[in-house]
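Right, one structure below, let's go through it.
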Amino acid sequence: MDYNFSELEPRWQNWWREHGVYHVDNHSDKPHYYVLDMFPYPSGAGLHVGHPLGYIASDIYARYKRLRGYNVLHPMGYDAYGLPAEQYAIQTGQHPAVTTEKNIARYREQLDKIGFSFDWDREVRTCEPKYYKWTQWTFLQLFKHYYDNTLQKAVPISELEERFARQGSEELDAACTEVLDFTAEEWRAWDKVKRSQVLMNYRLAYLADIPVNWCAELGTVLANDEVVGGLSVRGGYPVERKLMRQWSLRVSAYAQRLVDGLEQVDWTDSLKEIQRNWIGRSEGAAVWFPLDVKSNENVLPGAQAYMPQFDPQPVPSFEIFTTRPDTIYGVTFMVLCPEHELIDSITTDAQRQQVQDYVTWAKNRSERERQAEVKKVSGVFTGAYAVNPLTEEKIPIWVSDYVLAGYGTGAIMAVPAHDSRDFAFARHFGLPIRQVVAADKDPETGKPIVSDPNTWSESMDAKSGWSVNSGQFSGMKVKEAMAAVIDKIEEMGIGHRTVNFRLRDAIFSRQRYWGEPFPIYYKPYATPIPEECLPLELPEVSEFKPTATGEPPLGHATKWAWDTKSNTVVDCSAIDNDTVFPLELSTMPGFAGSSGYYLRYMDPTNDEAYFSKEAVGYWQNVDLYVGGAEHGTGHLIYARFWNKFLFDIGMAVKEEPFQKLINQGMIQGRSNFVYRSKTDNSLFISKGLIKNMDDVTPIHVDINIVDNDVLDIEKFREWRPEFANARFDMEDGKYVCGWEVEKMSKSMYNVQNPDDLVARYGADTLRLYEMFLGPVEQAKPWDTNGIEGVHRFLKKFWRLFESLGDEPASKDELKVLHQTIKKITDDVERFSFNTCVSTFMICANQLADSKCCSREVLEPLTVLIAPFAPHIAEELWHQLGHEGSVCDAGWPQYDPKMLVEDTVKYPVQFNGKMRFTVELPAVCTQDEAVAAIKAMPEGQKWMEGKEPKKVIFVPKKIINIVL
RNA sequence: GCUCUGGUGGUGGAAUGGUAGACACGAGGGACUUAAAAUCCCUUGCCCGCAAGGGCGUGUGGGUUCAAGUCCCACCCGGAGUACCA
C-alpha cells in the first residue's frame with residue numbers, strides 16, 4: 001500500500017476531533033506545561049506559509065512534552081479586533097463582525113489541515129463580549145488603582161483617598177502625571193469634581209490632555225510603537241503631535257520592574273536588549289540651575305514654581321536632567337524645549353519677537369519634518385541667563401527643538417565639548433566650547449592631554465578618561481567624578497541622583513468603532529459602570545466613519561448612554577446629566593485584548609471571573625511562548641505590564657507572564673522572474689542565456705507556475721492574456737527563471753499558501769519541511785526547492801513498515817535506534833528541529849539499508865516522529881495494533897549502553913598534524929592507546945627513537961602526540 | 001550614529017575547542033523500464049595529478065591553544081531594532 005497522505009490525514013484529523021484527543025483538563029497528577037503561540041489577527045488574505053512556522057515548532061514541543069508525561073496546555077484563538085476589518089467596513093459597508101467571522105472560519109480551516117494539537121474547546125476571540133468583559137474588567141481595575149513607588153506595587157485608589165483625607169499629599173511617593181502638593185484640609189474642602197480630577201492624576205488608567213500621535217488619515221491616535229519615523233505602521237500615513245484628551249495606561253510606573261523582570265526570564269539577549277532600549281533606563285542627576293536675576297528684570301513670579309521643594313532657594317531656578325554630572329564645569333549654555341513653561345517669563349523684551357516666532361514655527365512642524373531634519377540645527381537665544389551652581393558662571397539660556405518636552409524635564413545643561421548635539425549647536429551659533437574630560441594621559445608627564453576644542457571635528461562623548469578644568473574634581477576618573485559631583489550637588493541641596501526612563505505611558509483611546517468600548521460614563525467626570533454590569537457591549541452604528549462633528553464612530557450610536565437608576569444602556573435622547581449620562585465614545589486599542597489572553601485560556605468559559613484561582617494556581621504562567629520579534633516593543637511590553645498589575649492585585653501568581661520565549665524568524669518571499677527581451681515583446685529569454693541584463697526586462701512571475709525555478713510554459717501562457725503568444729529561448733529544453741528574496745506580498749506573486757502544499761504533499765511533509773528549512777529563530781526566504789526530499793523521506797519511512805515483522809532487531813539496528821532517540825531528545829530540548837529532521841533521514845536510510853523490519857525498532861521510531869509528523873505516526877501506530885492515540889504512547893528512552901561502540905577510529909596526530917587513523921577499543925586509557933600506536937607499523941615509523949613529550953587523548957575523538 | 005545579530009560549497013544549512021561541509025536540494029553519470037513516473041546506486045568545496053597522493057580552504061588581518069568555523073582583539077560586509085532620550 002502506498003503512502004496515501006490525502007486519504008490518511010483528514011481521516012486522523014477527524015478521529016482526533018471525535019475522540020477529543022487534544023482536550024486538556026485543569027486537573028491532573030501530571031506536571032503542567034503551557035505552550036503558547038501568539039494568536040493571529042485573522043486578515044482577509046488567509047494564512048501564508050510564514051504563519052505556521054512558529055505554530056509547527058510549538059506544536060512539536062507541545063506534543064513532545066505530552067509524550068514526556070506532561071499535562072500540556074496548548075490553546076489557540078484570534079486577535080479579532082483591529083483596524084483592517086474596520087477599514088474594510090468603511091469601504092464596503094460590511095459589518096466588521098461579519099468579515100471577521102468569515103476570516104476566522106478560513107483561518108480555522110487552514111489550521112485544521114496542518115494537524116495541530118490545539119485544544120479548541122479553549123478558543124478565545126477578543127471581539128466576543130464574554131471575552132472582552134474581562135478586558136474591560138482589567139481596565140476598571142487599572143482605573144481603580146494607583147502605583148505606590150515606596151511599596152513598588154499597585155494599591156487601591158480608595159486607600160489613596162483615605163490617605164489624602166488624613167495627611168494630604170504629604171510624604172506620598174506615587175506615579176502621577178504631575179506632582180501635586182496639598183493638605184488634608186484642602187482635600188476635605190474639595191467637591192467631588194475637584195477630587196476626581198486630583199485622583200485622575202494618580203490612576204493607572206487615566207484621562208489626561210497629552211500630546212498624542214494623531215493620524216488624520218486613519219482618524220485616530222496611535223501608540224508610540226505604532227508609529228515609525230513619523231508615519232503610521234499601518235498604512236504609512238503621516239502622524240502629527242497634537243494635544244488631546246485621551247485615556248492612557250501608566251505603564252511608566254512599572255518601568256523599573258519591567259527592566260528588572262528581564263533578568264528572570266529565558267528570552268534571547270537580543271529581544272531583552274530591544275526591550276531595555278525601549279524602556280531606556282538612564283541614571284544621572286537632576287540639578288537646579290538658578291536664574292541670573294540681576295541680568296534679567298523679566299524674571300517673573302511664575303518662575304518661582306521651579307523652586308526646589310526640598311530647599312527653598314532665594315532665587316528662582318529650573319531643573320535639568322543630565323547623565324553626565326561630571327561635565328558640569330563644561331556647561332557653556334542651557335537649552336529649553338520650545339514647550340517649556342518658563343520661556344514666556346524669562347525672555348527679554350529684546351528677544352521676545354524672535355523667541356515667539358521660533359516657538360510657533362517649532363510647534364507647527366510636523367513630526368515627520370522634525371525627524372527628517374534631525375541634522376539641521378535651529379534655535380534662538382532668550383536673552384536670559386542662568387548661573388552654574390558650581391562655577392557661579394553666568395550662562396545664556398537658549399530654546400531649541402532638539403530638546404524634547406517629553407523626556408527628563410525638557411531642559412538641559414549643554415556641554416558642547418562632550419555631547420555631539422550640543423557640539424553641533426555650539427558650532428552653529430558660535431557658542432564657546434570647553435573641554436572638561438581628557439581621553440588620555442601623556443605617558444611621560446602623566447598629565448591628561450588637553451587641546452583646543454575649537455579645533456575638534458567632533459565632540460568627545462565617551463564616558464571614560466579623566467576630568468580636567470573641573471575645580472576640585474580635576475584629575476578624577478570620569479566614573480568617580482560623576483559620583484563626586486552628584487554627592488556635592490546633593491550636599492549643596494541643589495539636586496539629586498535620579499533615574500529617567502524613555503518608556504512613555506501607553507495611549508489607550510482609539511477613535512475607532514471595532515474595539516472594546518470603555519466601561520465609562522461622564523457625570524461629568526469619568527465614572528466606571530458597576531463591574532457586575534460588564535460586559536458593556538459594542539453598540540450598533542449606522543456607519544463606521546467619524547461623525548460630522550469629528551467624534552469617533554460610536555457617536556453614531558443612538559443607544560449609547562448610561563442610566564444610573566437601572567444600570568443599563570439606554571437611548572442617547574434620555575441623557576439628562578442627572579441620572580442618565582453619555583458613555584465614552586472611544587474604544588480600546590488592539591493591544592488591550594491581546595495583553596491578557598494567555599490567562600483567559602486557563603479558564604476560558606468562566607463567567608464569574610477572568611479565570612479561577614485554581615486554574616491559575618495550576619498553570620501558573622506560560623512556560624514557552626513562540627512568536628515574532630516584531631512584538632518586542634508592543635505586545636510583549638504591554639502584556640508584561642498587564643501581568644505585573646494583575647500580579648499586584650493578586651490575580652496572576654507569577655510576575656512574568658512568559659518564562660521562555662522563542663522568536664520565530666520571519667519568512668521572506670522568494671520571487672521568481674522571467675526576462676522579456678527589450679527588442680521583442682513576446683520573446684522571453686532563459687536566465688542562463690542572457691548576455692547582458694540591460695537587454696531584458698525582469699518581470700515578476702507567479703511562483704505557483706514555477707517549479708524549482710523552471711517555468712511551466714503552458715501555465716505561463718494561460719496566466720495573463722498578454723503572454724498567450726509568448727515565445728521562449730530555452731536552455732536544455734527548459735525555461736529557467738531568476739529569483740530574488742523580497743517581502744512576501746501579493747504584488748510580487750510570491751505568496752505561498754500552505755493549503756496548496758498540503759494538497760500536493762500532505763501536512764506532515766509541510767510540517768517537516770518548514771522545520772527542515774533552518775533554525776526556527778532564523779529569518780529565511782521561503783523556497784520550495786527542497787520539499788521533494790522531505791516528501792521522499794516520508795515515503796521511505798512508510799515503506800519501512802511494509803515488511804513489518806516480529807523478529808528481533810540486530811545489534812546494529814538497535815544501535816541506530818538508540819542513537820536516534822538520544823539525538824532527537826537532545827535536539828528537541830534545544831529547539832533544533834531542523835537537525836531532528838536530518839536525524840530521522842539518516843536513521844531511515846540506515847534501516848532501509850539493513851532491511852530492518854523489526855517491531856522492536858519501528859515502534860519507538862513511530863513515537864519519536866509523532867510530534868513532527870503526527871498523521872503518519874498515528875496511522876502507523878494503529879497499524880502496529882494499538883488502540884489509543886500515539887500522543888499518549890510515552891517517549892522512548894535510550895539505553896546508554898547501546899550508544900557505546902566496540903571500537904572507535906581515532907585520528908592520530910603528531911605535532912598537531914593528522915598522520916593516520918587507528919582503530920582502538922572504545923573504552924581504553926591514554927596509556928593503552930599510546931602503547932597500541934607504538935605497536936603499529938605507522939606508529940613505529942613516527943615514534944622511532946623518540947619519546948612523546950605530551951599526549952593529548954580525547955576519548956572517542958582524537959589522539960595528539962607531541963614529540 | 002548607537003544597540004543587537006549574522007558572514008561556512010551552486011543553494012538551504014550541519015559541526016559540546018578535536019577528521020569542516022552532516023542531512024537535503026540542485027547538477028552530472030548509471031541501473032530498472034518499450035517509455036514515463038516511482039525507486040535504487042555512484043560522483044559533486046577549490047587547485048595540481050591518469051592514479052596513488054599532495055596543496056588550499058569557514059568575510060579580512062592579528063592573537064591564545066598541541067588543536068580555532070567555534071575563544072580574544074581590530075577591521076570589512078549584510079540583516080534587525082532604535083533614533084535629537086541629554
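Protein chains get the first letters and strands the later ones, always in sequence-line order, with residue 1 at the start of each.
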Can you check the [X] [atom1] to [N] [atom2] distance for me, whole Å?
{"X": "A/E788", "N": "B/A37", "atom1": "CD", "atom2": "C1'", "result": "12 Å"}
{"X": "A/L636", "N": "B/G81", "atom1": "CG", "atom2": "C1'", "result": "14 Å"}
{"X": "A/Q275", "N": "B/U82", "atom1": "CD", "atom2": "C1'", "result": "14 Å"}
{"X": "A/R276", "N": "B/C2", "atom1": "CZ", "atom2": "P", "result": "20 Å"}
{"X": "A/I486", "N": "B/A86", "atom1": "CD1", "atom2": "C1'", "result": "14 Å"}
{"X": "A/I842", "N": "B/A14", "atom1": "CD1", "atom2": "C1'", "result": "9 Å"}
{"X": "A/I274", "N": "B/U82", "atom1": "CD1", "atom2": "P", "result": "7 Å"}
{"X": "A/F772", "N": "B/G26", "atom1": "CZ", "atom2": "P", "result": "12 Å"}

[N] - base-pair partner by Watson-Crick or wobble geometry, distances under 3.5 Å:
{"N": "B/U11", "value": "B/A24"}
{"N": "B/U39", "value": "B/A31"}
{"N": "B/G78", "value": "B/U5"}
{"N": "B/G18", "value": "B/C66"}
{"N": "B/C84", "value": "none"}

Within the 4.0 Å heavy-atom criterion, would you say [X] contacts the bases, only the backbone, or no part of the nucleic acid?
{"X": "A/P775", "answer": "sugar-phosphate"}
{"X": "A/N500", "answer": "nothing"}
{"X": "A/D401", "answer": "base"}
{"X": "A/L773", "answer": "sugar-phosphate"}
{"X": "A/R281", "answer": "nothing"}
{"X": "A/V837", "answer": "nothing"}

> With distance as the sole test, does A/K822 use its side chain to make a donor-acceptor pair with the main-chain N or O of A/L817 at under 3.5 Å?
Replying inline: no
> Does A/S459 reach the main-chain N or O of A/D461 with its side chain, forming a donor-acceptor pair under 3.5 Å?
Replying inline: no
Does any part of the side chain of [Y], heavy atoms only, come nearer than 4.5 Å to the side chain of [X], both counted from C-beta?
{"X": "A/I60", "Y": "A/F868", "value": "yes"}
{"X": "A/W782", "Y": "A/Q668", "value": "no"}
{"X": "A/V359", "Y": "A/V380", "value": "no"}

>> How close do A/A869 and A/L794 get, counting heavy atoms only, and between which atoms?
In response: CB-CD2, 4.3 Å
>> If you compare all heavy atoms of A/E319 against all heavy atoms of A/A411, which two are closest, and at what distance to 0.1 Å?
In response: O-CB, 3.7 Å
Using the [atom1] atom in both, what is the distance from [N] to [M], to the nearest Å?
{"N": "B/A67", "M": "B/U19", "atom1": "C1'", "result": "12 Å"}
{"N": "B/U70", "M": "B/U16", "atom1": "P", "result": "13 Å"}
{"N": "B/U5", "M": "B/C50", "atom1": "C1'", "result": "49 Å"}
{"N": "B/C76", "M": "B/G62", "atom1": "C1'", "result": "15 Å"}
{"N": "B/G10", "M": "B/G21", "atom1": "C1'", "result": "14 Å"}
{"N": "B/G79", "M": "B/A27", "atom1": "C1'", "result": "30 Å"}
{"N": "B/G6", "M": "B/A15", "atom1": "P", "result": "14 Å"}
{"N": "B/U3", "M": "B/U8", "atom1": "P", "result": "24 Å"}

Name the closest nucleotide to the [X] side chain, picking from [options].
{"X": "A/N845", "options": "B/C23, B/A15, B/A86", "value": "B/C23"}
{"X": "A/I952", "options": "B/C66, B/A86, B/C41", "value": "B/C66"}
{"X": "A/R792", "options": "B/G26, B/C23, B/A14", "value": "B/G26"}
{"X": "A/I412", "options": "B/C25, B/A14, B/A86", "value": "B/A86"}
{"X": "A/S838", "options": "B/A86, B/G18, B/C23", "value": "B/C23"}
{"X": "A/K795", "options": "B/G18, B/A24, B/U39", "value": "B/U39"}
{"X": "A/R799", "options": "B/A86, B/U5, B/C40", "value": "B/C40"}
{"X": "A/S282", "options": "B/C4, B/A14, B/A86", "value": "B/A86"}

> 5'-most contact on RNA chain B: A/E630 or A/Y407, nearest heavy atom basis?
Replying inline: A/E630
>> Closest-nucleotide mapping onto RNA chain B: is A/S270 or A/K780 further toward the 5' terminus? I mean the 5' end.
In response: A/S270
> Syn versus anti for B/G69, judged by chi lying within 90° of 0?
Replying inline: anti
Check whether any side-chain nitrogen or oxygen of [X] sits under 4.0 Å from OP1 or OP2 of [N], and answer yes or no.
{"X": "A/N960", "N": "B/U65", "answer": "no"}
{"X": "A/R502", "N": "B/U3", "answer": "no"}
{"X": "A/N277", "N": "B/A83", "answer": "no"}
{"X": "A/K796", "N": "B/C40", "answer": "yes"}
{"X": "A/Q778", "N": "B/G13", "answer": "yes"}

>> I need the single residue from A/R281, A/Q275, A/E273 that forms a side chain to side chain contact (heavy atoms under 4.5 Å, CB included) with A/N277. Which is it?
In response: A/E273
> What is the ring orientation for A/W398 with A/F425, classed by angle as parallel under 30°, tilted 30 to 60°, or perpendicular over 60°?
Replying inline: perpendicular
